[in-house]
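Have a look at the structure below, then the notes.
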Amino acid sequence: MGALVIGQAAVQAGLVSAPIVIVVSITGIANFAIPKFSVAIGTRLLRFPMILLGGTFGLYGVGIGLLGILIHLSSLRSFGIPYFEPVAPLSLSGLKDVLIRTPHWALKLRPRLTGYQEPLRVPPGQKPAPDRNKEKGGPL
C-alpha cells in the first residue's frame, strides 16, 4: 500500500511518469512468480540496471541492455560447451530441439559438441520407434 502512495506522489511531483510506475510494479509482482531462488536473485540484479537504462535512454536503453545481456550469455560456457550451443555457434543439425521438441525416437545423433566420443545416441539395432499399436487403434 505504501508503494502505491509513494508512486502516486512521485507521478504528481513530476519525477516519473505513470507508465514507469506501472512497469516497475508489474516487475516487482512478477519476481514472486519465479520459484527458484538463485534465478530470482539474478533477475533482481538485472532489473535495476535495466530500469536505469530505460529511464535514462528510453526504449533505446532497454534495447542496449537486452543486447548486452544477450552478448554476455552467448559468451558463457558450461563444462566447455557454449551456453547457447545450437544457436550461438550455429549448428543446423542441433536446431531440432530449439523451438519445438522433436520426438525422442527421431533424435539419432548426439549434439555435435557433446557427442564427439560416441555420436550415436542408441547403438544400431536398438533404435526406439513410435508405438505402432497406438496408430492402429489396438490395445496398449
For a quick test of your reading: what N or O donor-acceptor pairs under 3.5 Å do the side chains of residues 8-21 make, sequence neighbours left out?
none

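Apart from Ile41 itself, the hydrophobic cluster it occupies contains Phe37, Leu45, where clustering links Ile, Leu, Val, Met, Phe, Trp and Tyr at side-chain heavy-atom distances under 4.5 Å. Applying the under-4.5 Å side-chain rule to Ile, Leu, Val, Met, Phe, Trp and Tyr, the cluster around Leu67 extends to Ile71. Leu59 belongs to no multi-residue hydrophobic cluster, having no ILVMFWY side-chain contact under 4.5 Å with any other such residue.
Listed by chain and residue number, nothing satisfies the side chain to side chain contact (heavy atoms under 4.5 Å, CB included) test with Ile64 (two or more places apart in sequence, or in another chain). Residues satisfying the side chain to side chain contact (heavy atoms under 4.5 Å, CB included) test with Pro82, not counting sequence neighbours, are Arg77, Pro89, Leu113. Evaluation of the side chain to side chain contact (heavy atoms under 4.5 Å, CB included) rule for Phe84 yields Leu70, Leu73, Ser74, Ala88 as partners, not counting sequence neighbours.
Closest approach of Met50 to Val62, counting heavy atoms only: CE-O, 3.6 Å.
Clustering ILVMFWY residues whenever any of their side-chain heavy atoms sit less than 4.5 angstrom apart, transitively, puts Leu46 in a cluster other than the one holding Ile51.
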